[in-house]
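Ligands are counted one by one from 1 in listed order, and the atoms in each one are counted from 1 as well.
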Amino acid sequence: MERTLIKELEKYIGKEVTISGWVDVRRDHGKLVFLDIRDRSGKIQVIFPSANTTAGANAKTTRPEWVVTVRGIVKERPENMRKEELNGNIELDGFHVEILAEAEVPFELGSELNLDTYLDHLPYTVRSQKARDVFVIQATIIEAFRASLRRREFVEFQAPALVGGDAEGGAAAFKVDYYYDQQAFLATSPQLYKQIMVGAFERVFTTAKIFRGEKHATTRHLSELVQMDFEMGFIQDHRDIMDALEHTMRDICADVGEKHADIFKRFNLDLPKLPKGKFPTLKLKEAQDLLGVAHEPDLEPEHERHLHEWALREHGSDFVFVTHFPISKRPFYTFEDPDDLGHTRYFDLLFRGLEINSGGQRVHNYDALVERIKQKGLDPAKFAFYLQAFKVGMPPHGGCSTGLERLTARMLELPNIREATLFPRDLNRIDTLLRVDK
Ligand code: ATP
Ligand code: MG
């Protein structure tokens, strides 16, 4: 008999159905055996009236995570027996159990675990309601990002993950042994390629796997991550990019909120707060004056959190832009603001107190770009491939990059980015903990 999904069972009251899934919980009450079965669409309770029947005896041998196919009759539950978390008002009278796979679990699913135990057992713990909620939200974020940009005529492209040089000319890149004894690197960003693609399509976006080799041990850094980038031509300045990014963030929040109200309820969280007007914006110096801290070239994590408090209080916003970082601390392609020399047309977007995005206007003039590369102490010859795009004519352009895992983590207020990363790679771990020989 064909499989029916659990969420469809309500249409089959009084009828015989076949469902397949995992045993979530088994309970025995005298002769009765209860199985809560979970499939991709939901959960349902199945009752086997007697452990003396073959079906009842089979049901009684199962344990959590066993994979089964069950046949039964769908029936309505008495009013006083309805449970919200199971499939509400129906249950199944089971009369046949087929065991597809047995299972042995290390602990109960959904137990409170420390992060290392959770990560050590990821092939199992990823099945928990909480983990599934996190990664369903993440899938919607990417989908919403793509849809939002497509609606505005951005073309998706695939950036390379193997590169011959380092995109930023600074960020720590992982080395790869390439052919003919040549050194290649894992990309630290899709930056140079998305600029090249502006020359072809004007507006492009990509969701790229990138790799960062800095030996960070924080709650916000990974060695492998997904960057959601876009880049667009014919802009006036960085404010066009900020507007396009704000539009994207509002679309993502709307889609996530619309599709996943149930998840926000389970997490006991509000949807991100969006201001009625535009996202609040401060120049770096203004932000530092507001916080009463020194004019350093960058913000400390603590400052980012305090700016969030300010944005919430003054503007009802979980988002705040900080602009005009000093040019000395930003990459060679960053555009200097002619009205604020020494500072860039560049921004960070903070979401709930954490930088989730950086972007701005880029240098588009060939000679100016070569000059900037030299000023940074880099060799323009190493960027000859990229520089061709500028020799053959580039419009004023800019773009930005959002870290998918940071956005997911702040969306669900997860304290550690690793909880928002399916298989986190960091200083100490690739799936399993690295062995450190002293
Ligand atoms: P930070 O200063 O916080 O280390 P960054 O300024 O070096 O980050 P960018 O080069 O601006 O990062 O990258 C764009 C976005 O990609 C960041 O805003 C962040 O969301 C994400 N990102 C960058 N590096 C990492 C990392 N190591 N782990 C997780 N996310 C990252
Ligand atoms: Mg940044």
I'd like a table of donor-acceptor pairs (distance under 3.5 Å, sequence neighbours excluded) in which one partner is a side-chain atom from residues 287-298, with atom names and distances.
| from | atom 1 | to | atom 2 | distance (Å) |
| --- | --- | --- | --- | --- |
| Q288 | NE2 | E296 | O | 2.9 |
| D289 | OD1 | H295 | NE2 | 2.8 |

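Taking only non-hydrogen atoms, the option from R212, R406, E214 nearest to atom 12 (O) of ligand 1 is R212. Considering L225, I210, D426, T402 only, the shortest heavy-atom separation from atom 26 (C) of ligand 1 involves L225. When the heavy-atom distances from atom 17 (C) of ligand 1 to R425, Q227, H221, E355 are ranked, the shortest goes to E355.
The residue D298 has no part lying near ligand 1, judged by heavy-atom distances below 4.0 Å.
Around CG of D262, the count of heavy atoms belonging to other residues, nucleotides or ligands within 6.0 Å exceeds 12. Environment of CZ in R40: sparse, with no more than 12 heavy atoms of neighbouring residues, nucleotides or ligands closer than 6.0 Å. Counting non-hydrogen atoms of other residues, nucleotides and ligands closer than 6.0 Å to CZ of R132 gives a total above 12.
One N or O on the side chain of E336 and one on the backbone of G342 form a donor-acceptor pair closer than 3.5 Å. Although no hydrogens or angles enter the test, the distance criterion places no donor-acceptor pair under 3.5 Å between the side chain of R406 and the main chain of I356.
Around the Mg ion (ligand 2), protein N, O or S atoms at less than 2.8 Å number 2.
Residue I417 places no N or O, backbone or side chain, under 3.5 Å from any N or O of ligand 1.
Close approach of ligand 1 to S358 is summarised as follows: ligand atoms under 4.0 Å from at least one heavy atom of the residue are 11 (O), 18 (O). Close approach of ligand 1 to S401 is summarised as follows: ligand atoms under 4.0 Å from at least one heavy atom of the residue are 14 (C), 15 (C). Heavy-atom proximity to N357, at under 4.0 Å, picks out these atoms of ligand 1: 18 (O). Below 4.0 Å from some heavy atom of R220 lie the following atoms of ligand 1, by number and element: 28 (N), 29 (C). Close contacts of ligand 1 with G403, meaning ligand atoms under 4.0 Å from a residue heavy atom, involve 15 (C), 16 (O), 20 (O), 21 (C).
Inspection of the Q195 and Y386 side chains reveals an N or O donor paired with an N or O acceptor under 3.5 Å. Donor-acceptor pairing under 3.5 Å is recorded for the side chains of Q138 and T408.
Remark: R330 is not positioned above the aromatic ring of Y346, lacking an NZ or CZ atom under 6.0 angstrom from the ring centre and at most 45 degrees off the axis.
Qualifying salt bridge (charged side-chain N to carboxylate O under 4.0 Å, His left out) partners for R127, counting only residues two or more places apart in sequence or in other chains: E65. Considering only residues two or more places apart in sequence or on other chains, E314 meets the salt bridge (charged side-chain N to carboxylate O under 4.0 Å, His left out) condition with none of them.
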